[in-house]
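Order of the sequence lines fixes the chain letters, A, B, ..., with proteins taken first and strands second; residue numbering starts at 1 for each chain.
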Number of protein chains: 2
Amino acid sequence: MTSANTTPTVTESAPAVRADIVEAATRVFSEHGYDGASMAQIAAEVGMRKPSLYHHVRKKEDLLFAIHGQLIDELTLETRQAIDAAADPAAQLAASLRVAMTFVSRNRDAVTVFLQENRAVRGERWDEVVGKRDAYERMVQEILSNGAATGAFVNIPPKIASKAILAMANWGYTWFNPDGPMSADEVADIFARIALTGLSKP
Amino acid sequence: MTSANTTPTVTESAPAVRADIVEAATRVFSEHGYDGASMAQIAAEVGMRKPSLYHHVRKKEDLLFAIHGQLIDELTLETRQAIDAAADPAAQLAASLRVAMTFVSRNRDAVTVFLQENRAVRGERWDEVVGKRDAYERMVQEILSNGAATGAFVNIPPKIASKAILAMANWGYTWFNPDGPMSADEVADIFARIALTGLSKP
DNA sequence: TTCTACCTACCTACCGGTAGGTCTGTTAGC
DNA sequence: GCTAACAGACCTACCGGTAGGTAGGTAGAA
């Protein structure tokens, strides 16, 4: 049994097919952008005609919504687990960066869509996703303020510092190549080194 | 007399009007994305009808091209000057970050287009822009390898480290608000602190 | 029979871009 | 100084094409 939708915005149907469609949409959106992609392209990727898509999906926007929701849920879960398993703020920060970087590496297309196609992410319908996105960022901010409280980190506004740290991992979607010379873990360790040393007290 | 174009890819006409159009396109592309934006919207922003636009611009793509070219030229120039005016690698790195961050702050729309709309940036026509973009990044990489050579910085692959550093500034386009509580300079100084400490030897 | 999953055919809206005309200010010839 | 030609800048009307989405039908499984 595949996972049920948290918000069933879409006509229920064979969940496996729907997952295939979302996956195909992820690839097509990533390559052509949300506006540049056509439903016909997505349909072709799944091996059906455009109108058949509408048997499983109500609107084009639903696909974008599904991609965003799925991604932020998975990333939040993985990060939460990594944080809980780490001993102190420094280890938590390193673990979060590692999760983020490997996540970007493993889900390049989805991350590309998530970070690049948020123009359409507006209005009531999206508040849920935006809220989760903020909650994710708050997890990182909390590590930073805990670290500042215990004296592990220098006293820098967590809202700004979190931007710097997440930027490193997020930006990976523009350049990181999983088949390149370095693994996501190796890159993450370098970034963690910069971040941890950069935030440590002199 | 206003400045002549470095590459006259577009029908010459009153240069001031053309500049207005590029500026309008920057706003509209930034808000709706390249594919989501229409020539009619851009025309309306300048106060004319769509067909009149084509008196000044040959194709929609020319506008994107103009935005990219203009931005990378300005950013490169400003960064070059800042680097040349700084004494040592550490100061150069801080200065570059400051230039990048204030640039993002001053040209949010253009930077948004530059960083977000590069799907269409392919083919012969764009090689020039891509080359300049790489050259910009190489400037930063050089600071890092110089710093590693003089012993100011720890020995981290400059290609990776430059990604981390540029990420901080670039990512600013997604969140930084010039009317917010902190100035671009203040944020840049924080980032520089993280980067410099993060790269310094233990 | 009824439901699911798919199809062909089609609708409306809008896109980038063109054709071709008009208005206006500048210049040339007398 | 007057007029005729010209060119730049803009317009309305329109084209071919494609987009998202719908109508309505069919084949097969239960």
*Looking at every strand, decide which applies to B/A43 at a 4.0 Å heavy-atom threshold: base, sugar-phosphate, or nothing.*
nothing
*For A/A24 and A/V46, work out which heavy atoms get closest and say how close.*
CB-CG2, 3.8 Å
From C-beta outward on [X], which listed nucleotide comes closest to its side chain: [options]?
| X | options | value |
| --- | --- | --- |
| B/S38 | C/dC15, D/dC11, D/dG21 | C/dC15 |
| B/R49 | D/dT12, C/dG16, D/dG21 | D/dT12 |
| B/H56 | C/dA5, D/dC10, C/dG17 | D/dC10 |
| A/K50 | C/dC6, D/dG20, C/dT8 | D/dG20 |
| B/P51 | C/dT18, C/dC6, D/dC10 | C/dT18 |

Rounded to whole Å, please give me the gap between [atom1] in [X] and [atom2] in [N].
| X | N | atom1 | atom2 | answer |
| --- | --- | --- | --- | --- |
| A/L53 | C/dC6 | CG | P | 10 Å |
| A/L64 | D/dG20 | CG | P | 13 Å |
| B/D20 | D/dA9 | CG | P | 13 Å |
| A/M48 | D/dT26 | CE | P | 20 Å |
| B/E61 | C/dG16 | CD | P | 13 Å |
| B/I42 | D/dC10 | CD1 | P | 16 Å |
| A/R18 | C/dA5 | CZ | P | 13 Å |
| A/H55 | D/dG28 | NE2 | P | 17 Å |

*Do you know which of A/K59, A/E128, A/K60, A/Q70 makes side chain to side chain contact (heavy atoms under 4.5 Å, CB included) with A/F65?*
A/E128
*Can a side chain N or O of A/S52 be found less than 4.0 Å away from OP1 or OP2 on C/dC7?*
yes
*Got a sec, which residues hit side-chain contact (heavy atoms from CB on, under 4.5 Å) with B/A82, two or more places apart in sequence or on another chain?*
B/A95, B/V99
*Taking only Lys NZ, Arg NE, NH1 and NH2, and the carboxylate oxygens of Asp or Glu, determine whether B/R80 and B/D84 approach each other closer than 4.0 Å.*
yes
_With a 4.0 Å cut-off on N to O distance, would you call B/E74 and B/R106 a salt bridge?_
no
*Go through the N and O atoms of the side chain of A/K60 and the base of D/dG21, and report whether any donor-acceptor pair is under 3.5 Å.*
no
